[in-house]
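Single-structure report; data block below.
Both backbone and side-chain heavy atoms feed into the values below; hydrogens, waters and symmetry mates do not. Numbers here simply count residues along the sequence, with the first being 1.
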Amino acid sequence: MKTANAPLFTDPVYNGAADPAVIYNEETHTHYMFYTARRATADESGVMWVHGTDIGIAESRDNGNSWEYIGICRGLEYESGKNTYWAPEILRHENLYHMYVSYVPGIPSDWKHPRYILHYTSENLIDWSFESKLNLSSEKVIDACVFRMKNGVFRMWYKDELHGSHTYYADSSDLYNWTVKGCAADDVSHEGPNVFEFCGKYWLITDCWHGLDVYSSDDLTNWVKQPSRILEKGGTRKDDGVMANHADVVVSGGRAYIFYFTHPDRRENMLEDIDLNERRTSIQAAELEVMDGILVCDRNKEISVELR
């Protein structure tokens, strides 16, 4: 049985793969990983290096244990010039793939610019067609996550930076029209919400910049925060000795796999004024478990990923 690579994947172009999202490609019968292709090697001022990013794609032909870079998403151009695309969320519904991606105009050197979530569709996960700019709770929203509830309604969670950098949510019956419903988690500032069902509960994880906070729910509306974080302390594997950032969880065959990224060389939790070596990122995989009702993760455990 093959063991998952550690690191699982690094971007060969800019060495800045972040914000992974994993999905099965029904056409190629392989798994695709989409990610923010940060320009970690770009020697530019401020935080320009985290802007001007494409959405990179890696492919796995062994159920998620090793990944190969295959290019970037095509057709995302929303406005003229070079712009910024972050944190893709991708799902398949009725033979069509849907992407909800964060968008920032241009390549700014600071965090002051507006951010939106754009909707695209595709038949092959490579070529994308623009559908709309979502009208959500503010003009500074990023990091969409979409989950279909048992009543057939789709629910989207996202970070609203103008409302405390908290997680807000919206509902849709068709993936095109969304109605904002309120705030899901506002105890601390965070980003990168991800929702999944595992071991009889719904789980919400968020990147609070000190590892990942965990919440559970029975109805996808009322969330209870568990006392312990996951992936806060660094592990022993290569490039995994620091806290985890912005993760995606895939539940497959009764097991839950978490895909996250690290800054292996970063000394402090910040993105400004760090040298080029500290900017590089690596994507890792680990397995989640539930013990006594608490979601836990042993990042040092050797695993074989078995995505289906």
So which residues get pulled into M291's cluster when ILVMFWY side chains under 4.5 Å apart are joined, directly or through others? I294, V296
Are F147 and F154 close enough that their ring centres sit under 6.0 Å apart? no
Pairs in or reaching into residues 238-261: which pass ring pair (Phe, Tyr, Trp, His ring centres under 6.0 Å), with residues at least two apart or in two chains? F261-H263
By ring pair (Phe, Tyr, Trp, His ring centres under 6.0 Å) - contacts of H98 (at least two apart): H119, Y176
Determine whether the aromatic ring centres of Y100 and W178 lie less than 6.0 Å apart. yes
Holding to salt bridge (Lys or Arg N to Asp or Glu O under 4.0 Å), I want the full list of residues that pass it with D240, two or more places apart in sequence or in another chain. R237, R299
Residues in salt bridge (Lys or Arg N to Asp or Glu O under 4.0 Å) contact with K150, at least two apart in sequence or another chain: E197
Non-neighbouring partners of R229 that pass salt bridge (Lys or Arg N to Asp or Glu O under 4.0 Å), sequence neighbours left out: D213, E232
For Y169, is the NZ or CZ atom of K181 found under 6.0 angstrom from the centre of its six-membered ring and inside 45 degrees of the ring axis? no
Can you list the residues that meet the side chain to side chain donor-acceptor pair (under 3.5 Å) rule with D174, with sequence neighbours excluded? S172, N177
Partners meeting salt bridge (Lys or Arg N to Asp or Glu O under 4.0 Å) with R39 (sequence neighbours left out): E44
Looking at residues at least two apart in the chain, or sitting in another chain, which of them share a ring pair (Phe, Tyr, Trp, His ring centres under 6.0 Å) with W67? none
Going by chain and number, the hydrophobic cluster around M48 (ILVMFWY, side chain to side chain under 4.5 Å) further includes I107
Got a sec, which pairs hit ring pair (Phe, Tyr, Trp, His ring centres under 6.0 Å) with one end in residues 123-144, sequence neighbours left out? Y78-F130, Y120-F130
According to ring pair (Phe, Tyr, Trp, His ring centres under 6.0 Å), who are the partners of Y24, at least two apart in sequence or on a separate chain? H31
Taking atom CG of D218 as the centre, report whether more than 12 heavy atoms of other residues, nucleotides or ligands fall under 6.0 Å from it. no
